[in-house]
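Notes follow once the structure below has been shown.
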Number of protein chains: 10
Amino acid sequence: MLFLVKMDVAIPYDLDPAERTRLLAEEKARARQLQRDGVWVHLWRVAGQYANYSVLDVASPDELHEVLWSLPLFPFMTIEVTALARHPSAI
Amino acid sequence: MLFLVKMDVAIPYDLDPAERTRLLAEEKARARQLQRDGVWVHLWRVAGQYANYSVLDVASPDELHEVLWSLPLFPFMTIEVTALARHPSAI
Amino acid sequence: MLFLVKMDVAIPYDLDPAERTRLLAEEKARARQLQRDGVWVHLWRVAGQYANYSVLDVASPDELHEVLWSLPLFPFMTIEVTALARHPSAI
Amino acid sequence: MLFLVKMDVAIPYDLDPAERTRLLAEEKARARQLQRDGVWVHLWRVAGQYANYSVLDVASPDELHEVLWSLPLFPFMTIEVTALARHPSAI
Amino acid sequence: MLFLVKMDVAIPYDLDPAERTRLLAEEKARARQLQRDGVWVHLWRVAGQYANYSVLDVASPDELHEVLWSLPLFPFMTIEVTALARHPSAI
Amino acid sequence: MLFLVKMDVAIPYDLDPAERTRLLAEEKARARQLQRDGVWVHLWRVAGQYANYSVLDVASPDELHEVLWSLPLFPFMTIEVTALARHPSAI
Amino acid sequence: MLFLVKMDVAIPYDLDPAERTRLLAEEKARARQLQRDGVWVHLWRVAGQYANYSVLDVASPDELHEVLWSLPLFPFMTIEVTALARHPSAI
Amino acid sequence: MLFLVKMDVAIPYDLDPAERTRLLAEEKARARQLQRDGVWVHLWRVAGQYANYSVLDVASPDELHEVLWSLPLFPFMTIEVTALARHPSAI
Amino acid sequence: MLFLVKMDVAIPYDLDPAERTRLLAEEKARARQLQRDGVWVHLWRVAGQYANYSVLDVASPDELHEVLWSLPLFPFMTIEVTALARHPSAI
Amino acid sequence: MLFLVKMDVAIPYDLDPAERTRLLAEEKARARQLQRDGVWVHLWRVAGQYANYSVLDVASPDELHEVLWSLPLFPFMTIEVTALARHPSAI
């Protein structure tokens with residue numbers, strides 16, 4: 001099932017630079033793995049913001065939460081989730 | 001899977017009274033059937049408002065949407081949906 | 001280029017039923033044609049709401065506006081547009 | 001009587017890690033005890049957020065406040081309370 | 001137990017004048033009876049608005065809802081409820 | 001004249017503990033004195049929040065401001081003021 | 001004492017034109033009388049809106065409410081009131 | 001001096017079609033004249049909305065208000081005004 | 001021309017006390033000079049808040065911005081500006 | 001294609017002054033270069049705020065994002081983007 005997820009990122013400006021670098025590398029690796037796994041099926045940057053809109057394909061809200069909670073940047077993100085259903089006009 | 005649903009009801013004051021009576025009876029019958037079916041697992045009135053907080057147990061967001069869309073009062077409701085996951089401290 | 005579009009639909013309850021039926025049929029036909037044309041690339045129902053999240057692939061904001069403005073239900077929709085860019089972690 | 005409670009947690013990222021670990025363990029123990037006591041009757045994670053929706057069964061708003069105020073994470077939570085009443089369609 | 005209640009009144013301007021007069025008289029009578037009964041313990045007008053802040057003393061959220069739901073102007077009011085607890089500095 | 005005042009308290013978590021203890025003791029003493037003086041006529045805790053709703057009886061907005069501004073916790077409070085008038089249905 | 005008042009006006013577009021003309025004339029006459037009486041001490045149009053910011057000098061919130069409630073356009077206005085106090089830097 | 005103006009248009013769906021046609025033609029003529037006069041210096045459609053962002057060059061807020069107030073669609077528009085100043089990095 | 005300006009002040013609680021004292025003294029001196037100059041024509045405290053509503057009389061938005069930007073407390077203020085026009089009912 | 005961009009700047013007050021000076025100089029140089037390049041076609045200060053409204057002319061949302069993301073002050077800005085289309089009444 002699909003969920004639309006908006007993630008706004010706000011990393012404190014005084015975070016240790018090495019820690020920041022490490023977090024960003026881990027986040028990118030994790031995002032790519034989840035895409036290869038067919039879980040993170042769309043990932044778009046919001047133009048002009050440190051934010052993304054994503055679509056995740058998961059088996060349940062439990063799996064959705066596990067995936068998001070385990071993201072390295074989760075502690076610095078504000079996340080909104082929208083459950084998606086099939087649209088009767090979709091082909 | 002569980003979804004928390006808030007439904008705010010706003011029936012136009014000039015709706016035909018017979019139509020209103022019919023809608024309310026149908027809504028009540030439908031809500032009770034869905035409870036007996038184990039789909040509408042919690043139904044609470046928000047004190048002081050023509051609104052409810054409910055928990056629905058469905059197989060997917062598609063089923064959730066079908067259930068809500070088919071409610072007789074759906075055209076007069078503002079609905080917010082929150083996907084729920086298991087809490088690690090829940091027993 | 002891609003735009004995420006949220007469309008909330010609110011058709012007045014006292015709209016002439018024949019007019020409503022005609023509008024909905026035209027909207028569905030138009031939405032399907034735009035999908036076949038490769039313009040309306042994603043169309044998801046927001047679970048529990050008379051609303052959709054869509055992704056449109058257009059050549060410019062001018063084309064985006066023309067597409068949305070010409071939808072039969074446009075006069076009854078509240079629309080939000082988000083410009084999407086490529087995400088550096090997308091594969 | 002029942003109250004729906006939403007708790008959003010925001011622990012400062014620079015809180016001492018040992019203090020954080022201690023707080024989380026105490027919070028979990030307290031949440032479990034309150035569940036065993038029949039006070040915290042529902043506890044759900046909001047999918048994708050460090051937040052929960054809960055239903056508490058208490059004798060009064062005074063007891064509700066005591067329970068919430070004494071949670072170890074209370075200083076780091078934003079809490080919203082909704083008083084619930086019996087719904088006429090509930091079975 | 002005490003609840004702070006804000007009631008905003010918005011009567012449609014085209015409501016039948018006789019119906020309006022009847023509703024207002026009934027609302028005033030009901031409000032006065034509830035004050036005499038010790039249920040509606042404070043009733044203040046919000047300066048400059050067709051609104052009031054009230055404090056109600058009831059046995060439960062169920063009773064609070066019954067009282068508010070049965071007000072003649074309930075269909076034309078937007079109501080917010082806040083559960084109140086004893087303050088440790090109150091004398 | 002009466003003013004409804006909502007005070008939300010947010011003391012920084014890293015405030016010196018001795019300073020915090022001193023502030024809280026001074027706030028409580030000041031709140032009690034103002035109650036004995038007949039100025040702070042109602043003081044209720046908002047259930048589940050570090051916040052209160054209060055009613056103050058003062059001679060003018062100037063006096064209201066002096067009272068609130070001089071509260072020891074004023075620098076850590078977000079305050080909303082509502083001017084109250086006599087309600088025509090109050091007895 | 002002074003209150004800053006924002007009044008937003010929204011007259012239904014289908015109001016009887018004669019009624020509208022009468023209301024506007026009465027509102028203007030009333031506003032001018034209140035200015036001559038020294039009650040409505042400032043009256044500014046918000047540029048680009050059917051709205052005004054005003055300062056009223058009254059003896060109490062009760063008088064403020066009576067003045068505003070009795071305005072001919074009151075039923076079509078959304079009003080916000082801010083109690084003003086003397087500023088320590090004012091000369 | 002320059003003001004950024006956002007105009008959201010919401011014409012009631014049941015407005016007389018001839019009246020609507022007349023209003024739209026007058027609005028277009030007026031907008032074009034104001035552009036030729038050098039008052040309405042920018043006029044952009046918000047993609048996906050019945051709304052525009054405009055920049056007006058006027059001698060004062062009084063002139064700005066007169067221009068906007070006299071627009072044929074003014075009664076059906078929600079307008080926000082932002083006063084613009086020269087930016088120190090502008091060339 | 002007149003602008004209504006709301007200034008909310010939020011000085012960090014851990015600002016150096018000597019710096020705070022210096023800033024406040026400079027702000028007061030500047031506010032008084034601008035009042036004597038006929039620029040800052042009204043200055044009112046919002047009762048219960050570290051905030052003011054002010055009316056400034058300037059030659060342009062450029063001058064308005066220069067005046068506000070150069071206030072010693074500007075970095076710690078949230079400012080909202082409303083352009084004011086002459087009201088047709090003002091005398 | 002054109003995008004309206006609002007940028008609100010909030011530099012932490014405890015940022016190293018030399019770093020602040022460097023950032024501001026780089027931001028100004030970058031903004032001027034982008035104007036000379038015909039990308040940043042309008043740049044206005046919002047009167048009374050550390051904010052600007054800008055219009056950028058870019059080939060795509062991707063280019064818009066690259067331009068904004070690479071601004072030296074990007075980490076300290078809150079940015080809102082609005083896609084603009086040609087207005088049918090524009091001349």
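Residue numbers start from 1 in every chain, and the chains themselves are labelled A, B, ... in the order their sequence lines are given, proteins ahead of strands.
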B:Q35 to D:I91 - nearest heavy-atom pair and separation: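 Heavy atoms of B:Q35 and D:I91 come nearest at OE1-N, 3.1 Å.
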
CD (D:E80) with more than 12 external heavy atoms under 6.0 Å: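 Counting other residues, nucleotides and ligands, CD of D:E80 stays at 12 neighbours or fewer.
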
Check: B:R45 and D:L84 side chains under 4.5 Å, non-hydrogen atoms: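 In short, these two side chains do not touch, never coming nearer than 4.5 Å.
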
Non-hydrogen side-chain atoms of D:V55 and B:W44 separated by less than 4.5 Å: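 They are in side-chain contact.
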
Which of B:L2, B:N52, B:T82, B:L43 touches chain D most, by non-hydrogen pairs under 4.5 Å: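 Of the candidates given, the most pairs with chain D belong to B:L43.
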
Atom pair NZ (D:K6) and CG (B:L4), whose distance is rounded to the nearest 0.5 Å: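 D:K6 atom NZ to B:L4 atom CG measures 9.5 Å (nearest 0.5 Å).
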
Spacing of D:H42 atom NE2 and B:H87 atom NE2 [to the nearest 0.5 Å]: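 Going from NE2 on D:H42 over to NE2 on B:H87, the span is 14.5 Å.
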
Residue, of D:A31, D:A47, D:A29, that accumulates the most heavy atom pairs under 4.5 Å with chain B: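 Option with the top pair count is D:A47.
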
Closest-packed option against chain B by number of heavy-atom pairs under 4.5 Å, given D:S54, D:G48, D:P88: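 The residue among D:S54, D:G48, D:P88 with the greatest pair count is D:P88.
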
Portion of B:R32 that has a non-hydrogen atom of chain D nearer than 4.5 angstrom: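 For B:R32, the contact with chain D is made by backbone and side chain together.
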
Any donor-acceptor pair under 3.5 Å from B:E27 side chain to D:S89 backbone: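 Not at all, since once roles are kept as given, no pair shorter than 3.5 Å links the two residues.
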
